[in-house]
Amino acid sequence: MEPDLKSLLVISRQPPTAIAAREALDLALAAAAFGVPVSLLFMDAGVLQLLPGQESTLIEQKPVASNLQALPMFGVEDLFVCQHSLAERGLQPGRFIINCKAVDSAEIATLLEHHDQVVAL
Amino acid sequence: MEPDLKSLLVISRQPPTAIAAREALDLALAAAAFGVPVSLLFMDAGVLQLLPGQESTLIEQKPVASNLQALPMFGVEDLFVCQHSLAERGLQPGRFIINCKAVDSAEIATLLEHHDQVVAL
Amino acid sequence: MKFAIALLAGPQDPAARSALMFAEAVLAGGHQISRLFFYRDAVHLASTLGVQPQDECDLARRWKAFINDNGLDAVVCIAAALRRGILDAAEADRWERPVANTGEPWVLSGLGQWVDALQTADRAVTFGT
Amino acid sequence: MKFAIALLAGPQDPAARSALMFAEAVLAGGHQISRLFFYRDAVHLASTLGVQPQDECDLARRWKAFINDNGLDAVVCIAAALRRGILDAAEADRWERPVANTGEPWVLSGLGQWVDALQTADRAVTFGT
Amino acid sequence: MRSTLLHLLRHAPQDDTHFATSLRVIGPEQGLLLIEDAVYALLPRTSAVNAMQLLPASIRLFALESDVLARGLAIDDLPQRVSLIDYPDMVELCTRYDKVLSW
Amino acid sequence: MRSTLLHLLRHAPQDDTHFATSLRVIGPEQGLLLIEDAVYALLPRTSAVNAMQLLPASIRLFALESDVLARGLAIDDLPQRVSLIDYPDMVELCTRYDKVLSW
């Protein structure tokens, strides 16, 4: 048992409207609730979760904002976002629902190497 | 009731290993069985169904070849394949499981216009 | 006009709601729906067993109410349903399964029902590709 | 080594077979499987109601046999399962549904079981992303 | 017989090839309607939105307003030629074109 | 602590962005294993197979042989640096790398 391994959860597939997006955040919150230190990396369509002003009640969905904003309260504070994925979508870091550190491909490679567990959802 | 409308089925998403590929061909065969004239257009990942030599029993799947080869027997004879999708995958028409006419984007636009029903699966 | 509407994606996909909103607007606009056809993962909408979190919308329940309220013809592809474990009482009996998880207003039937709908409707619209 | 194996895709996805082949090879290689975890659409593998065409392989049946034969811990995410209409007798009772469509050897439990498996296994491998 | 066609797109252009495919085969008098995640094609400064701007002016472009707003896209940033519509408009649009192709 | 990583890919590079993503972030001592539809990355004369050829020689490339053959790819056409493996090899490979990341 190595209860203090640090895990990295890569959220790389789900736009916020997918139930799967919620299910990925649920895993982060579950890990945090069990005291497992966890970092999050938003990539590809996953970065779309960070857009402010999502009026998701118009399509009868719970906003992901509340799940995202709960992360720091659960102790999930190392949040990263892939610069390349942002650029592909014409987005810039800095005006998101939660603060994420923008990282380039080399920095992502380092993140993958330096975490003990890596799970992509 | 216009029972003799000609339909075009666009198979554009499924590599042969997806159950969805089989379900798309099933629709073509069902249409033919009901006497509805139907043309088929293979695009995007759908063109991968046409590759010869698929030893799909190695992954415990029925080969799609038998479904494809059944098409002409059911009267489905107008078979088209998207040139652009082939090129993206390094493939050339002419050595496929069944004979398909390679069409470019302009010809596809014409096919879409000249069929009375168009369904993509 | 007569609309035929097909849904291919499951209850967890945004398409399950889009198709319902569209179908409601079709009727509200004075048109008819000659048939609804549920294929691939959309067959899961016919399950009576789904339990949605209280604050999420229950699309299976809403589809069922919409179909009942408007007396619509809602066909679930039988081949897709069997594969995915959606059985009505007759199929559960035929395949010797202990229970069924779908029934009225949903009707299990063949792909021919979609072919027929495509042929006889004025407009056919597919959701969830 | 102790492996934790998670499957996210449903029975219709090639991943459902890949994960099974891999799990079998893990045991054949003299390793252990500390837990299997079924999330998202993979919860459908736990359904007892699927009926596969005779000439197609029945992965739900094979997973069940594999789990039983090797006495494995096979956890189905309860939140994902409820959403998708996969209920054991206790959940059917709790949510007042007329029937259940899963049961032994599958165990409905929380995401914490996956977190725990990730922490305690030597290797964690996910299929069906 | 030549007939008019409405292309219905639902996947984000960054994640799915069908956006590019549909632009490649769209005819000059056809229409394009973005629903669900396809509205991400309207994100400013993307190759997708640029490609849409370059379509012949005879091609009409539509997007479902609720899907646009639900995803946090700013209405002010949208290309002028895109008409925002609701579900009743979508039904009307389907009657106006001879057929609808969902990618 | 720096550790070794095996990237596990299962989607075709022509249909899914994760192939490109994984190539972008792969480190020099890591491995790449293609299973399921990711083996379509080995189709000759494609940008995907070219991109794989350009990876540093220190990155080991693997593909599941049954998935390659099942999809009709000719073994003779595969890049030499790709090792074809079976499931027991895959298990062994997972033990050799410190962790496995499925895209």
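In what follows, chains carry the letters A, B, and so on, assigned in the order in which the sequence lines appear, proteins first and then strands, with residues in each chain numbered from 1.
In this structure, F:His11 has no ring pair (Phe, Tyr, Trp, His ring centres under 6.0 Å) partners at least two apart in sequence or on a different chain. When the side-chain hydrogen bond (donor to acceptor under 3.5 Å, both in side chains) test is applied to D:Asp73, the partners found at least two apart in sequence or on another chain are D:Arg35.
Annotation: the span from D:Thr126 atom OG1 to F:Leu101 atom CG amounts to 8.5 Å, rounded to 0.5 Å. Rounded to the nearest 0.5 angstrom, D:Ile5 CD1 and F:Cys94 SG are separated by 9.0 Å. Distance OG1/D:Thr129 to CG/F:Leu9: 8.5 Å, rounded to 0.5 Å.
Listed here is the closest heavy atom pair of D:Ala9 and F:Arg10: CB-NH2, 4.1 Å. Of all heavy-atom pairs between F:Thr95 and D:Arg123, the closest is O-NH2, 3.0 Å.
Of the atoms belonging to F:Leu6, not a single heavy atom falls under 4.5 Å from chain D. Of the two parts of D:Ala28, neither the backbone nor the side chain holds a non-hydrogen atom closer than 4.5 Å to a non-hydrogen atom of chain F.
Along residues 13-27 of chain D, the residues that come nearer than 4.5 angstrom to chain F, judged on non-hydrogen atoms, are D:Asp13, D:Pro14, D:Ala15, D:Arg17, D:Ser18, D:Met21, D:Phe22, D:Ala25, D:Val26 in order of number.
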Pairs of donor and acceptor atoms involving the side chains of residues 83-93 of chain F, under 3.5 Å and at least two apart or interchain, shall be tabulated with distances.
from, atom 1, to, atom 2, distance (Å)
F:Asp86, OD1, F:Asp89, N, 2.9
F:Asp89, OD2, F:Asp86, N, 3.1
F:Glu92, OE1, F:Arg96, NH2, 3.0

